[in-house]
Amino acid sequence: MRVTEGGVELEVPGEQTEGIEESVFYNPRQELNRDLTIATLRAFRKREGRAGSYLDAMAASGIRGVRAAADDWRVTCCDVNEEAVDLARRNLERNGIENASVEHRNVNALMHENMFDVIDLDPYGTPMPFADAAFSRCRDLVCVTATDTAPLCGAHFNSGVRSYGAHPQNTEYHTEMGVRILLSALARSAARFDVGIEPILTHATSHYVRTYLELDRKATAADASLEQLGHLSHCEDCLHRETEFGLVADPLDVCPNCGSERLLVAGPVWLGPYRDREFVTAVREEIPYTFGTAPKARALLETIAAELDEPMYYDQHKLCKNWGLPANAMDEFLADLRAAGYDASESHYGGTTFKSDASVGEIRAATEDNLV
Ligand SMILES: [Zn+2]
C-alpha cells in the first residue's frame with residue numbers, strides 16, 4: 001500500500017484487517033505524533049543551531065527518518081528487523097534522499113559507538129531499555145515515546161515498578177501520572193551520565209506519552225533535574241492531593257482537607273514543568289497547513305502552552321460527583337475559580353479535565369454556588 005504523509009510518499013506492506021488495509025510498519029494513528037516531531041525538530045534547530053544529526057532509533061517503515069531527511073537533517077535510521085531495514089532503504093530511495101543511512105543493528109550498540117545531536121526513541125512499549133544508551137551519547141535532544149500507559153499510570157502496577165523504578169498510583173489523573181512517572185525515570189537515567197534534562201514539550205493520551213528532552217551535559221544540571229523529583233499524596237475520599245519535593249518520601253498520614261487516612265502515595269514523580277511555554281509556541285509556528293493533522297496539532301499546542309504547570313489535573317465531573325452536585329459548563333467553572341483569585345486553565349488531557357493552583361476544598365468553595 002502507498003502512503004503520503006507530510007509531503008513524502010512511502011510504500012508499506014499492507015494487510016487486510018476487517019476490510020481496512022493496515023501495516024505493522026506504519027501506524028496512521030501516529031501521524032499527529034510525527035507531524036509534531038517534524039515541527040519540533042524545525043523549532044529546535046532554530047533554538048540550537050549546531051544540531052544537525054538525527055537518529056531514528058526504531059525506523060520501521062522509515063517514515064520519521066524520511067521526513068526528517070527531507071528537512072535536511074543528517075539521518076540515521078536503525079532497526080533490528082531486516083524487513084524494516086529493507087523497507088526504510090527503499091523509502092529513502094523512493095524519495096531521492098541522499099543525506100541518510102540505514103543501519104541493521106541493535107540500536108543500543110549503535111548509540112554507544114556514535115554521537116548524535118538528536119535521538120528519537122519510538123519503541124513499542126517502554127523506552128527504558130534504550131534510555132541509558134541515548135543519554136550517554138546524545139548531544140542535544142532526546143525524543144521519547146512510551147506506549148505502555150497501563151504500567152506507567154499504575155493500572156499494571158508491578159510492571160510499572162519494574163520498568164520505571166517508581167511507585168505509580170491509578171487515580172483519576174492517570175494520564176498525567178504516566179507523564180510524571182516517565183519523566184522521573186528518564187531524569188534518573190540521564191543523571192547517571194551527569195546529564196540534566198529539560199522537558200521542552202510533552203503531550204499524552206491514554207495510548208501514549210511523548211516527550212522532548214533538551215539535554216545539559218553537566219553534573220550540576222543533573223543535580224538540578226533530580227531536584228524536580230518528589231512524591232504525591234492523594235486522598236481517596238475527597239480527592240485532595242499534595243506534593244513535596246525530595247527523593248526521601250515523607251507522605252501525609254491524614255488528609256488535611258477531610259481527615260481521612262485513606263491516602264495513596266506515588267513517587268518519585270517529576271514535579272517540575274514538562275513544557276517550555278515559548279518553545280511550544282515556536283513549535284506551533286512550524287506546523288504548515290499542508291500537514292495532515294495541522295488543525296489538531298495546532299489546537300493541542302495552544303492548549304499545552306496555556307496549561308498550568310501544577311501537578312496534577314482535576315476532573316470536574318469526578319469532583320462534582322464526589323460532592324453530589326451537578327457539573328456546569330467548563331468555562332463558567334473556570335471563570336468562578338479565576339474570580340476567586342486562583343489560576344485555572346484547561347488541560348490537554350481532554351474530557352472534563354482542568355488545572356488549578358487551588359486545592360479541592362478551595363475549588364469547591366469557589367464554584368459550588370453555581371453548581372445547581
Ligand atoms: Zn481527604
Side-chain angles (χ1 to χ4, degrees), residues 150 152-157 160-161 166-181 183-184 204 206 228-274 307-330 332-347 349-372:
L152 272 172
C153 76
H156 293 167
F157 181 76
V161 171
H167 191 124
Q169 290 287 4
N170 194 5
T171 55
E172 73 267 23
Y173 41 83
H174 49 89
T175 313
E176 188 171 344
M177 176 67 70
V179 165
R180 293 183 183 278
I181 289 281
L183 289 172
S184 160
S206 52
Q228 301 295 323
L229 303 185
H231 294 78
L232 173 137
S233 301
H234 171 89
C235 175
E236 288 189 274
D237 287 317
C238 75
L239 311 179
H240 176 81
R241 61 292 285 275
E242 260 183 59
T243 58
E244 37 130 24
F245 288 92
L247 279 174
V248 180
D250 184 20
L252 297 175
D253 296 322
V254 177
C255 173
N257 188 46
C258 74
S260 168
E261 292 178 5
R262 296 203 316 133
L263 292 161
L264 302 175
V265 183
V269 289
W270 176 269
L271 293 176
Y274 50 67
E307 187 174 299
L308 298 181
D309 291 326
E310 266 76 12
M312 304 276 196
Y313 64 79
Y314 293 102
D315 184 330
Q316 186 214 18
H317 280 192
K318 179 112 187 182
L319 287 175
C320 289
K321 195 175 167 202
N322 215 35
W323 300 335
L325 294 169
N328 59 354
M330 183 61 83
E332 290 170 29
F333 187 83
L334 297 183
D336 283 344
L337 280 171
R338 292 188 190 112
Y342 301 108
D343 274 341
S345 76
E346 291 182 12
S347 101
Y349 298 100
T352 52
T353 65
F354 68 97
K355 289 222 170 184
S356 179
D357 59 350
S359 69
V360 165
E362 290 166 340
I363 294 170
R364 181 168 182 169
T367 62
E368 71 180 337
D369 285 352
N370 289 326
L371 300 174
V372 286

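Given the structure is predicted, the values throughout are model-derived calculations rather than measurements. Numbering of ligands and ligand atoms starts at 1, following listing order.
- By the salt bridge (Lys or Arg N to Asp or Glu O under 4.0 Å) test, D343 is found to be paired with no residue, residues two or more places apart in sequence or in another chain being considered.
- Remark: side-chain polar atoms of Q316 are paired, donor with acceptor, to backbone N or O of N328 under 3.5 angstrom.
- Taken to the nearest 0.5 Å, the CZ atom of R241 stands 10.5 Å off from the SG atom of C235.
- Within a 6.0 Å sphere centred on NE2 of H156, heavy atoms belonging to other residues, nucleotides or ligands number 12 at most.
- When the shell of 6.0 Å around CD of Q169 is examined, it contains more than 12 heavy atoms from other residues, nucleotides or ligands.
- Within the protein, the N, O or S atoms lying under 2.8 Å from the Zn ion (ligand 1) are C235 SG, C238 SG, C255 SG, C258 SG.
- Of the charged side-chain nitrogens involved, none lies within less than 4.0 Å of a carboxylate oxygen, so that K321 and E172 do not count as a salt-bridged pair.
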